[in-house]
There are 4 protein chains.
Amino acid sequence: MVKKYGEKYHAIIDAAIKVIAENGYHHAQVTKIAREAQVADGTIYLYFKNKEDLLISLFRLKMTRFVEKVKQKVDLVHSVEEKLHQLIYMHFKQLAMDPHLAIVTQIELRQSNRNFRKEIGSTLKLYHLLIEDLIRFGIEEGKFHDDVDIRLMRQMIFGTLDETATSWVMKDMKYDLLALVEPVFSLLMNGLKRK
Amino acid sequence: MVKKYGEKYHAIIDAAIKVIAENGYHHAQVTKIAREAQVADGTIYLYFKNKEDLLISLFRLKMTRFVEKVKQKVDLVHSVEEKLHQLIYMHFKQLAMDPHLAIVTQIELRQSNRNFRKEIGSTLKLYHLLIEDLIRFGIEEGKFHDDVDIRLMRQMIFGTLDETATSWVMKDMKYDLLALVEPVFSLLMNGLKRK
Amino acid sequence: MVKKYGEKYHAIIDAAIKVIAENGYHHAQVTKIAREAQVADGTIYLYFKNKEDLLISLFRLKMTRFVEKVKQKVDLVHSVEEKLHQLIYMHFKQLAMDPHLAIVTQIELRQSNRNFRKEIGSTLKLYHLLIEDLIRFGIEEGKFHDDVDIRLMRQMIFGTLDETATSWVMKDMKYDLLALVEPVFSLLMNGLKRK
Amino acid sequence: MVKKYGEKYHAIIDAAIKVIAENGYHHAQVTKIAREAQVADGTIYLYFKNKEDLLISLFRLKMTRFVEKVKQKVDLVHSVEEKLHQLIYMHFKQLAMDPHLAIVTQIELRQSNRNFRKEIGSTLKLYHLLIEDLIRFGIEEGKFHDDVDIRLMRQMIFGTLDETATSWVMKDMKYDLLALVEPVFSLLMNGLKRK
DNA sequence: AATGAATGAGCATTCATTCAT
DNA sequence: CATGAATGAATGCTCATTCAT
């Protein structure tokens, strides 16, 4: 394998996202990705161990950036409410800004096999930690409940964001995902119950 | 095709669940399913149009029952709090009681192709409706917020239950899912914010 | 195997002709033939050893009748010219009168396998003999050349009739096959050469 | 698909002819053809869209050459009698020289399905045209009858040659096909009738 | 005699990966 | 570094035939 992270490395990853988004996971053959990246089939194997490695690298690269950008914005504000608000905003914002990526992460890559899904899980751990840190901060500040399992709170937050985003993609992104930032924030904070 | 819904029909579906749970979606060959169901390969095609039809039928049958059982219990109680509580309990209970089914619905069937996922979506609609009815009832009773989109509330409830269940399966079901009924209920009702 | 030549025996053969003519040789499944004949699949195996036996029986029965009818008419006339004329007429007449049979014998049954084609050959032998008798009669009468191989003359006669009939079927029987009796007779008698 | 008409392209076609001739149309599996051509199964699909495409290509290539060679020789001579004589000679000559091809074209490929047979028909059209041109030439020269349908004359010529060749193959090529050139020529020219 | 549910052998095709150039 | 022709393992489905009823 050669100088990773070179020009072609990114060309191949971007080609893969485009091909998967446009053709679906199961029709994203290596040949198609190579053609889109304007390299030969064999070249892909100079940069990636195999197809799975390409997909994992793709997911890692994009998700790391995704989480970094969320973290950046979350760090800029100081109250836990503002932090959660930023988290939701940035989560939705990034998906709304990159429809190809949204399709790939919310829909297509979920059709991958077991091993890959485990890998996805481990990559998402960064995001989970970010959310859990936020929750811990909220508890320390006395703003969040201190008698509920943090992991569970994280699952509610992530599960809600993920389900909301997936539904939006499945509905062909026909409505404005960002319009949901406010009500989702309110729901997560206050729950279903009217006080 | 022959008298559907006979003894073999169910034997094949149950065999499929077992084989998929144990081998993963992509290694669940028709031959393996047939052997597990103790029928010939060709017999499967007397009861199902093709492999996809088998998988869709499997999902429909099991999910319909799943939703029916949830609904049954939800209908038995009268306050919206009790109803939501029952919903969470039954959702987790049924997955906890049938680990094979849990693996298949939470993990394996999600790696299916686009068409199939659409079919999954349409089957889940029943469940979505059930949850939305519950929310509407809560709003009418004055117990739930009336200023948040019902679909969004549903996405929070379903997203939270689904993410919680998937995490549990991914962690090899090593902890007690039912122990989460109470805190999940509390979280969904009250949100993250400490009053 | 049971009382051959019973009512169902013929029902099955007629059903086979219809199904083959309408669906083509390769789509003529035993099940379809059974349904058309209004018997169970298994019943066919009470009357025929296997599918090939059914097809061979079909061809034998129909070709035997075909040849018999030709012979009947040929026997009624006395000069070799009249006999040949009758042969051509009856050959075309019978195909024109039974389009299903024409499709089956000229097109569909030719897609059968080696063994079957041999069987076809042996069944056609009757017809070949009839034609060769006619030729021999012509030679004895001094009307036909006596210096050409009889088998060759027969191949010219049969080849011409067969090619003419096949072309007619391939052209969807859009023109009148019987209109060709006269010119074909003339061609076979006089050859291409203008005297 | 890769550079067609290369070395392997012809190796595959020749392998197909051999395998079909030796095993029969229905036992000519792709794997067998690949092994005979000393390539991998998948390689066949680099040169042909699918198995049917291979068979059609085979027939087209061989028949086109067949017709070309006939035409070449027919063009070298000037009288219509000589032309017809050459046609018969070349038709028989080429089959006699390549027994595998003879089996494949006279017997095996006729068991193919409807679509394929249509393709065969369209490829044979070239040959039909060649024969019809010859007939037209004979008529213009005043040598052939001008009161018989040209298509019918062609059907007599082709039908006779084809039936003669098929019979020869069915008799396991036990006699000399070329010995029939003279009498077939004479028969076609003069017909059955002794003058 | 008749039924029809059950059987299971057989095969074209795809596509990730390699390696000689 | 890059190419792309060649590889070959892996599998869903059909349908003639059987046999318990």
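We name chains A, B, ... by the order of the sequence lines, and we start the count at 1 in each one.
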From [atom1] of [X] over to [atom2] of [N], roughly how many Å is that when rounded to an integer?
X: B/H27; N: F/dT11; atom1: NE2; atom2: P; value: 7 Å
X: C/I44; N: F/dC19; atom1: CD1; atom2: C1'; value: 16 Å
X: D/D41; N: F/dT11; atom1: CG; atom2: P; value: 16 Å
X: B/F48; N: E/dA6; atom1: CZ; atom2: P; value: 12 Å
X: C/Y47; N: F/dT17; atom1: OH; atom2: C1'; value: 18 Å
X: B/Q29; N: F/dA10; atom1: CD; atom2: P; value: 10 Å
X: D/L46; N: F/dG8; atom1: CG; atom2: C1'; value: 12 Å
X: C/K49; N: F/dT18; atom1: NZ; atom2: P; value: 11 Å

Please classify the nucleic acid contact of B/V30 as base, sugar-phosphate, or nothing, using heavy-atom distances under 4.0 Å. sugar-phosphate
Which comes earlier along DNA chain E counting from the 5' end, the contact point of D/E52 or that of B/T43, where each point is its nearest nucleotide? B/T43
Minimum-distance nucleotide (side-chain atoms of B/Y45 versus F/dA16, E/dT13, F/dG12): F/dG12
Regarding the side chain of D/K51, the nearest nucleotide among F/dT14, E/dT13, F/dA6 is E/dT13
Between [X] and [Y], what is the shortest heavy-atom contact and its length?
X: D/D53; Y: D/N50; value: N-OD1, 2.8 Å
X: B/K51; Y: B/A28; value: NZ-O, 2.9 Å
X: A/T64; Y: A/R60; value: OG1-O, 2.5 Å

Closest-nucleotide ordering on DNA chain F, the 5'-leading residue of B/G42 and D/K8: D/K8
Checking base pairs now: Watson-Crick or wobble, both atom distances under 3.5 Å. What partners F/dA6? E/dT17
Parallel under 30°, tilted from 30 to 60°, perpendicular over 60°: which one fits the rings of C/Y9 and C/Y47? tilted
So, the side chain of C/R110 versus the backbone of C/T105: is there a donor-acceptor pair under 3.5 Å, distance only? yes
